[in-house]
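What follows is a short report on a single structure.
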Protein chains: 2
Amino acid sequence: MARLPATRDVFAAIADPTRRSLLDRLRAGEQPVKQLAAPFEMSAPAISQHLSVLCEVGLVTQRRVGRQRFYRLNPEPLQQVADWVADYEHFWSDKLASLGDYLEEES
Amino acid sequence: MARLPATRDVFAAIADPTRRSLLDRLRAGEQPVKQLAAPFEMSAPAISQHLSVLCEVGLVTQRRVGRQRFYRLNPEPLQQVADWVADYEHFWSDKLASLGDYLEEES
DNA sequence: AGTATAGTTAAGCAAATACTTAATTATCAA
DNA sequence: TTGATAATTAAGTATTTGCTTAACTATACT
């Protein structure tokens, strides 16, 4: 037997470093694929496939202009990630706080 | 040809739903594997392998007590994720703000 | 000593992933 | 209409992943 179908969710989408870079670049604003893909040493189809994953989970939207395809960032789905991580934030801030106490006692 | 070695980082570690659940459960405190694994319908080795991934990226630590292995949450590496997502937060809050403006104008 | 318990390591497998090159679609330009 | 450009879809491949069962290690119980 093997694992379950592994529905592609936001967490899976941002697990890939290339896809995170693409999102990072899109923060500069809507861009056509050519421009977006410029810094990557990867074939155009590879980029196209990554963009379609991002599209599927709603992290980007598409707009056609002539023969170009403009991609735009849609960060809302990242809220899911932010929400999940937020539940852990007090754990490390508590740790930092106790480290602070420790340093204070030492000084 | 194929892809590059794909070093396992925090983003990859939290991409798997089972591993996220394990972390969620560990928020209740340090636990032996048996207790931690109880709700999962998965073999013990599968859980063990997930825990070792979490260990590799530093999200959990281990402590041996008799024949038990206690795992403890170490949330610090999640800061990386929090930091990355934080850069996107103003994007969606801007969007919400403009939605707010829109709703205000409508009323 | 013998056996049960907690957990990992080993080996193997099917599906998913991240690429590749080749072919295709669609638009623009001469 | 011919050709170049922008991008995708198709098909194929190597690697990784998430599981499984079987075997192993180590501690505890009787």
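- No side-chain donor-acceptor contact under 3.5 Å links B:Arg72 to the backbone of B:Arg63.
- In this structure, the CZ atom of B:Arg64 is 14 Å from the C1' atom of C:dT5, given to the nearest Å.
- Rounded to whole Å, atom P of C:dA6 lies 6 Å from atom CZ of B:Arg67.
- Distance from the side chain of A:Ser48 is smallest for D:dT8 among the nucleotides D:dT8, C:dT20, C:dT8.
- Checked by atom type and distance alone, the side chain of B:Ser48 never pairs as donor or acceptor with a backbone atom of B:Pro45 at under 3.5 Å.
- Among D:dG18, C:dT9, C:dC19, the nucleotide with an atom closest to any side-chain atom of B:Pro45 is C:dT9.
- Nucleotide C:dG7 holds its P atom 13 Å from the CG atom of B:Leu22, rounded to whole Å.
- Comparing atom distances between the A:Arg19 side chain and each of D:dG18, C:dA18, C:dT8 picks out C:dA18 as nearest.
- Remark: the backbone N or O of A:Gly29 is paired with a side-chain donor or acceptor of A:Gln31 at under 3.5 angstrom.
- Atom P of nucleotide C:dA18 and atom CZ of A:Arg20 are separated by 11 Å, given to the nearest angstrom.
- The hydrophobic cluster containing B:Leu51 does not contain B:Val53, counting ILVMFWY residues as joined when their side-chain heavy atoms lie under 4.5 angstrom apart, directly or transitively.
- Under the 4.5 Å side-chain criterion, counting only non-hydrogen atoms from C-beta, A:Ser21 is not in contact with A:Arg25.
- Taking atom CZ of residue A:Phe70 and atom P of nucleotide C:dA26, one finds them 19 Å apart after rounding to whole Å.
- Proximity of B:His50 to the phosphate of D:dT17: no side-chain N or O atom is located under 4.0 Å from OP1 or OP2.
- Note on A:Tyr71: only backbone sugar-phosphate atoms sit closer than 4.0 angstrom, heavy atoms only; bases stay farther off.
- In terms of the salt bridge (Lys or Arg N to Asp or Glu O under 4.0 Å) criterion, A:Asp24 has no residue partners (sequence neighbours excluded).
- Judged by closest nucleotide on DNA chain C, B:Ile47 is the one of A:Val65 and B:Ile47 placed further toward the 5' end.
- There is no side-chain donor-acceptor pair under 3.5 Å between B:Glu30 and B:Tyr71.
- Ranked by how close their nearest DNA chain C nucleotide is to the 5' end, B:Arg69 and A:Ala44 are led by B:Arg69.
- Counting only distance, with no hydrogens or angles, the side chain of A:Arg20 and the backbone of A:Ala15 share a donor-acceptor pair below 3.5 Å.
- DNA chain D is contacted by both B:Asp16 and A:Ser52; A:Ser52 maps to the nucleotide lying nearer its 5′ end (nearest heavy atom per residue).
- Between B:Glu56 atom CD and C:dT8 atom C1' there is a gap of 14 Å when expressed in whole angstrom units.
- Contacts between residues 24-38 of chain A and DNA chain D, counted as heavy-atom distances below 4.0 Å, involve A:Pro32, A:Val33, A:Lys34.
- The interatomic distance linking B:Arg63 (CZ) with C:dA6 (C1') rounds to 15 Å, in whole Å.
- No hydrogens or angles were tested; on distance alone, nothing pairs the side chain of B:Gln49 with the base of D:dT17 as donor and acceptor under 3.5 Å.
- For A:Ser43, the listed nucleotide lying nearest its side chain is C:dT21; candidates were C:dT21, C:dT8, D:dT20.
- A straight line from CD of B:Gln62 to P of D:dT25 spans 18 Å, rounded to a whole angstrom.
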